[in-house]
Amino acid sequence: MTSTKNSREVISIEFLFFVRSFLTIKLVVISILFSCTGPSRLEYALNFAGENRSELEKVLAYYSRQPQDTLKYQAACFLIENMPYHYYYDHEILDYFKADLCSLKHTVPEVTLGKDRVDPEVTTYLTHKYGTSFFTGLPVKNDAQAITADFLINNIEQAFYVWEKQPWGKYISFSRFCREILPYRTGNEPLQEWRTIFYATFQPVLDSLYTGDDPLKASQVIYDALVATPWTFISELDAPHLGGEFLLKERMGNCREYADIVVYALRALGIPCGTDIIIQNPDHCYKKHYWNYTRDSLGVLKEFELYEIRPEINSRNAERKRGKIYRQEFEPDKDHIALIYPEKEIYPSLKHPLLRDVSFEYFPAYSASVPLEKKYKKEEIIYLCVFNNSSWIPVGWASVKDGYAVFKDIEPDIYYMGAFYRNGTVFPVTDPFRINQEGKIIYATPDPVYTETVKLTRKFRIKPHLENIGELLIGGAFQGANMADFRDACTLYRITEQPEMRYYEIPLSSRDEYRYVRYVSPDHKHCAMAELEFYTEGNRELTGKVIAYEGEEDGKPLELQDAFFAFDKDVLTFFYSRGETDIWTGLDLGKPYPVTAIRFLVWNDDNFIREDNLYELFYFIKEKGAVSLGKQSGNKQQLLTYENVPRNALLWLHNHSGGREERIFLYENGHQSWW
């Protein structure tokens, strides 16, 4: 651990952004770097380099010899001045980790393109072997103390080569070049000369498909080449950045690695680009999300996301809420909260000086001027918070002026709360509020006088891909028979209306006996049955051998694969048939039984009210935060009824029995309105 000593004594901020908190540095040093007095940033970086100072001086000397190298000298200064903020892990265990990651890629059940998740097996194994944050205590090396002159010169030369060679280089200013082409790393990956291999891989693709001068069109060519290769998506990957060589060869990781490989590929070709980030999804429990941006010939930003959104003239992520957006920079933001308030306790995920707020490029028309109670007017910082699945998470901030906190450039139609942060705790100081599309601030201020009765059926909104899933069951039939081929089938019940995502229990009046029972999907519709149960007298559930028909391939019936999921007692697994004609699943009971009831559940998200699960309803109010309205157990009706709920309150239903997905909502016109 001796290699980390100097870094921890000098650098001034916890590096919480890329992985987690593991370096602590003194804020006074940061203030010196950006002050008008004291050593220059370049001299500070050279002193910081210690024994490696000579390597950095070689670079400066190399570019001081010729007048034509003036810009290259400035580029070298830019990189060296900012090196104290950059580091990487230095331990052989990372090589073993990557090797295990690669071996597991070939053993997971399904490895498909893009966003499909194959991570449960991967993360379970890796967590068991390495722990949840094995890298936190690993030795680190700061770039300034480890980088070589040859590495830095090669990086500068290759970056200038593509800037000068590519036809769109004439549209790129030197300042933009330094920020969006020149940097030699994306995060905290090991130092690698990645430009050569990425240029060799993708420049021929570009040469064969596009020779114009529009960087946006060039980025489209490279995007298409990248998404043509399969990718193993590992959503829960918790590790340092994997590096360009690894990503080019293995194509695996999550949205962070999506963004990294794009940066490597585009910057190697002289296409300006970078990575934009949210530190907390404002409408989900997931934390960070990464995507890329590039620019057209006019310098206008175009956002895109590998396997999701192609870089186009009007490319825009219209589905994901973001709230506040930050850019991953190589140079610290001089207006960063930690630099303005060096002595203040700063919320951890906002501490990183290389995060620059670029929300103004996305939401310039929306700002909120929020009044504060008199007792909070002396607070210097008020945080802008969004709700994850259990608490309010700071994603932005504002200085308090004249009794107001003015939150600039925020996304509309999201509920926020203002709060201050002290001793590791977030304290709400405003009622929840949002900005509508007209720019008006709307508060969810609970009414202490007028209350209402609310009836709750869910704890999380229905996702778009499941909104109409019940349509697949309309016309489906439950049948009983005593012949294995169902030639004597009798229809016990037919679904005539679209079922919701909850259990349905159907009593039957007939007491006829059947050995075989099944559910038959409507023609030309995939089966979408999550749970299927048949009951006999005494309310006893019938069991037997699973029988099914899942469709044909080349004229032969497919082997049973997913039909078992309808009987596995796991509401999150389901039978979604490969075929869509004469599809069915059922049971061979072994002998005839009277069938007295049927119980079924459509493909669902397990966010409906579950019988016997314990729930608690909360509303939010300034100063108190979440206020409980009591606990209830789920019932057979799969409905919770709460009385005396304050009107206009922002509500949250928490399931103490399990599950992750929970969302805030208003109760409007007798229904839950999700936010």
Side-chain angles (χ1 to χ4, degrees), residues 17-18 114-115 159 162-163 166 168-169 171-187 198 202 206 210 213-227 241 244 247 253-279 281 288-331 333 352 354-365 395-396 409-411:
F17 178 70
F18 295 115
K115 63 182 179 180
V162 291
W163 182 33
Q166 303 291 22
W168 53 82
Y171 301 125
I172 303 170
S173 68
F174 178 66
S175 175
R176 182 153 289 157
F177 164 79
C178 287
R179 299 194 308 272
E180 299 179 350
I181 296 177
L182 177 64
Y184 54 82
R185 63 160 64 256
T186 64
F198 274 85
F202 293 104
L206 200 55
Y210 184 68
D213 67 352
D214 187 342
L216 179 60
K217 291 182 179 178
S219 68
Q220 292 170 355
V221 171
I222 304 308
Y223 177 93
D224 293 342
L226 285 168
V227 299
H241 288 248
L247 294 180
N254 55 31
C255 61
R256 185 189 69 181
E257 281 66 48
Y258 279 177
D260 281 356
I261 196 172
V262 165
V263 169
Y264 290 127
L266 295 192
R267 288 183 178 175
L269 302 179
I271 302 173
C273 68
T275 300
D276 285 349
I277 303 146
I278 54 176
I279 59 179
N281 277 263
K288 298 170 187 170
H289 182 65
Y290 302 70
W291 66 95
N292 294 107
Y293 71 89
T294 187
R295 298 186 186 275
D296 63 16
S297 58
L298 298 177
V300 178
L301 179 140
K302 307 295 178 183
E303 65 175 292
F304 64 99
E305 185 174 343
L306 209 60
Y307 296 98
E308 295 281 351
I309 303 170
R310 192 172 185 260
E312 305 280 4
I313 293 177
N314 297 312
S315 57
R316 200 75 172 173
N317 191 331
E319 294 183 1
R320 184 184 294 275
K321 293 290 186 180
R322 294 175 282 193
K324 293 290 288 182
I325 297 174
Y326 295 88
R327 184 155 297 157
Q328 184 172 301
E329 299 276 23
F330 191 82
E331 178 182 32
D333 177 14
H352 202 292
L354 302 181
L355 284 182
R356 183 165 69 94
D357 187 344
V358 292
S359 305
F360 65 90
E361 295 194 44
Y362 291 82
F363 319 117
V395 296
D409 310 315
I410 63 177
E411 187 173 8

> Are the side chain of Q166 and the backbone N or O of L269 linked by a donor-acceptor pair below 3.5 Å?
Replying inline: yes
>> If I compare all heavy atoms of F304 with all of W291, which pair ends up nearest, and what's the gap?
In response: O-CB, 3.5 Å
> How far apart are the closest heavy atoms of R327 and L301, and which atoms are they?
Replying inline: NH2-CD1, 2.9 Å
>> Quick check: closest heavy atoms across P272 and E180, and the distance to 0.1 Å?
In response: CB-OE1, 3.4 Å
>> Suppose we screen for side-chain contact (heavy atoms from CB on, under 4.5 Å). Which residues come up paired with D357, at least two apart in sequence or across chains?
In response: K324, Y326, S359
>> Could you measure the distance from the CG atom of D214 to the CG atom of D296? Nearest 0.5 Å is fine.
In response: 6.5 Å
>> I need the E308 CD to S315 OG distance, nearest 0.5 Å.
In response: 13.0 Å
> Are any of the side-chain heavy atoms of V263 and Q328 separated by less than 4.5 Å?
Replying inline: no
>> Return the OG1 to CG distance between T186 and L247, rounded to the nearest 0.5 Å.
In response: 8.0 Å
> Atom CD of Q220 and atom CZ of R310: how far apart are they, to the nearest 0.5 Å?
Replying inline: 4.0 Å
>> Go through it in stages, so that I can follow the logic: the residues are I277 and I325, the test is side chain to side chain contact (heavy atoms under 4.5 Å, CB included), and I'd like the CA-CA distance, side-chain angles, deciding distance and then a yes or no.
In response: CA-CA 6 Å; I277 303 146; I325 297 174; over 6 Å; no
> Regarding Y362 and D276, is there a side-chain donor-to-acceptor distance under 3.5 Å anywhere?
Replying inline: yes
> Is atom NZ of K321 surrounded by more than 12 heavy atoms (other residues, nucleotides or ligands) closer than 6.0 Å?
Replying inline: yes
>> Using only atom types and a distance under 3.5 Å, with no angle test, would you say the side chain of E257 pairs donor to acceptor with the backbone of N254?
In response: yes
>> Treating K302 as the side-chain partner and I313 as the backbone partner, does any N or O pair qualify as donor plus acceptor under 3.5 Å?
In response: yes
>> Side chains of Y290 and D260 only: does a donor on one sit below 3.5 Å from an acceptor on the other?
In response: no
>> Please evaluate residues V227 and L306 with respect to the criterion side chain to side chain contact (heavy atoms under 4.5 Å, CB included), reporting the C-alpha separation (whole Å), side-chain torsions for both, the decisive distance (0.1 Å), and the verdict.
In response: CA-CA 7 Å; V227 299; L306 209 60; 3.8 Å; yes
> Any ion pair linking E303 and R322 (charged N to carboxylate O, less than 4.0 Å)?
Replying inline: yes
>> For H289 versus C255, what's the shortest heavy-atom pair and its separation?
In response: ND1-SG, 3.5 Å
>> Can you tell me how far apart CD1 (I271) and CG (L266) are? Round to the nearest 0.5 Å.
In response: 4.5 Å
> According to the interplanar angle, ranging from 0 to 90°, do the rings of F174 and W163 count as parallel (below 30°), tilted (30 to 60°) or perpendicular (above 60°)?
Replying inline: tilted
>> Would you compute the distance between atom CD of E312 and atom CG of L216 and round it to the nearest 0.5 angstrom?
In response: 7.5 Å
> With no hydrogens and no angle check, is any side-chain donor or acceptor of T275 less than 3.5 Å from a backbone partner on N292?
Replying inline: no
>> For I279 versus V395, what's the shortest heavy-atom pair and its separation?
In response: CD1-CA, 3.8 Å
>> Strictly distance-based, threshold 3.5 Å: is any side-chain N or O of R267 a donor or acceptor partner for the main-chain N or O of C273?
In response: yes
> Looking only at heavy atoms, what is the nearest atom pair of R295 and G299, with distance?
Replying inline: NH1-O, 3.0 Å
> Yes or no on side chain to side chain contact (heavy atoms under 4.5 Å, CB included) for E361 and D409, after CA distance, side-chain angles and deciding distance?
Replying inline: CA-CA 8 Å; E361 295 194 44; D409 310 315; over 6 Å; no
>> Restricting to side-chain contact (heavy atoms from CB on, under 4.5 Å), what partner residues turn up for A265, sequence neighbours left out?
In response: F198, F202, I222, L226
>> For the backbone of E305 and the side chain of Y223, can you confirm whether one donor and one acceptor N or O come within less than 3.5 Å of each other?
In response: yes
